[in-house]
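For reference, the structure discussed in these notes is given below.
Within every chain, numbering begins at 1; the chains are lettered A, B, ... in the order of the sequence lines, protein sequences first and strands thereafter. The figures here come from the full heavy-atom set of this structure, side chains too, leaving out hydrogens, waters and symmetry mates.
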Amino acid sequence: MGVILKTNNLVKYYDEKKALDGISIEFETGKIYGFLGPNGSGKTTFLSLCAALLKKYEGEVIVGGLKPGKDTKAFVAYLPDFNYYPGWMRVKDALNFFDDFFEDFDRVKAEKLLADMDLKHDEVIAKLSKGMQARMKLAIVLGRKAKLYLLDEPFDGIDAVTREKIIKIMLSTFSKESTIIVATHHITYVEKLLDSVKFLYKGKVINEFEAEDIRHDKGMTINEYYLEEFRDAETD
Amino acid sequence: MLKLIKFELKQYTRPIGLSSLTFILSIPLVVNIVMLLADFDRSVMQYANLAYMMYVMLLATDYTFLSSGFLLKHIPISYKKVYLAKLVAHLPAMIITTVSYELLSFVNKAEHYEMGMPRFADLSIYQYPMLFASYIFAFLLIQSNIIDKSAIIPRVIKKLVDIPLLENLVVGIYFVLSISLSGIGMISFGVIFYFAESMSSIETLLITIAAVILSVAVFYLNANLLEKSSKMKGECK
């Protein structure tokens, strides 16, 4: 398995505040990773850098053999943790937008995902409930046949039944030629999905495991391990 | 590029909509007719018409630039192209407002020379690009200093006044400066427009060249700033 994403001593500052503190990490193709840590640990910053949405940093980031930029955006699908669609857009406008600007967008797959999530094409995105917006964002992003998916809190605001449905869809449609990185602090939501986990705290990767190792060797669920690891953690 | 322009056109035609646009443009029309029947001072009305059309242009600018910044950062296209598409897509707004202004002038029976008011129809062939360039210049100033809050001004202020307790003051100063700069942009557009008729061809040509150079410079400055900016609207930390 090749490496799709690699960082070397990655440091990111917001003014004087150090958001990422020397992260050296690798993500292999064909796996679903959990990028786990409490609020303010640097998960969103890390994903934004890899998605080429943040530019200034120290160290090295290599995505699919390239520095993050215009070219990597063609094969990296990033899902932010908020609604990033303009207020006037309807679901069908979002579909058309992705169809127009991403060559890897599979419209049929995206439409099926939207139907599975009970979303209608004529609905105005800004008027959807928080949960429905989360479903819509996820369906559209998963509609891409990207090499790397960066999903930031993908299940925030999504009810348990729909979450199960989405996880089933994700597992059944996951291609071994792609990689998914799920950044979250809701471990129970994503537990079933994960092949590997990386724990982030205060801008540093403090631990990395195969999910099975935690389950078998430590006899714990990932969530139990996470709670033990971060029991005394300070959060923002 | 065509797809980008199409998307940008939707940016302000969709939210405003044809019915709203008709409504926006019909307000001054009705006001003009009523005021004309009431024998109201026509030069005041004409200034009000100009101000209203400026407002409509600003509205279109607002919709073009405010809402899609973060979404467009995801697509595999350089921000310079995105920015250029925004400018091109903005042309119809300019044409609509120009035609509307001319229509209102007609309704108002504006005697421009007596009123000291300009008319687009009286401009020479050289003066159109000058007007357009100065408009773009004003447009870019507004865009960069109101919408992109991570533009150069707040950064410079922060460097000069690096005291945490004064952060609110810094933000306050920034907003005042932003509004002033946008004002300068709009005033420069108005002044050039106002004096256009009395200028010689050489003066017009020189001002056109200067305005084009300034527009291109601001365009590149803005595009670079936006590309490097980490704080576009909606972007998370």
Side-chain (N96(A)) to main-chain (K92(A)) donor-acceptor, under 3.5 angstrom: yes
Which atoms of F75(A) approach chain B - backbone, side chain, both or neither, heavy atom under 4.5 Å: neither
Ring-ring centroid check Y78(A) H74(B), cutoff 6.0 Å: yes
Atom group of D71(A) that falls short of 4.5 Å from chain B, counting heavy atoms: neither
Nearest-0.5 Å distance that lies between atom CD1 in I181(A) and atom CG in L151(A): 9.0 Å
F102(A) portion near chain B, given a 4.5 angstrom heavy-atom threshold: side chain
Among K109(A), R107(A), R144(A), salt bridge (Lys or Arg N to Asp or Glu O under 4.0 Å) partner for D99(A): R107(A)
Heavy-atom contact with chain B under 4.5 Å, split by part of A51(A): neither
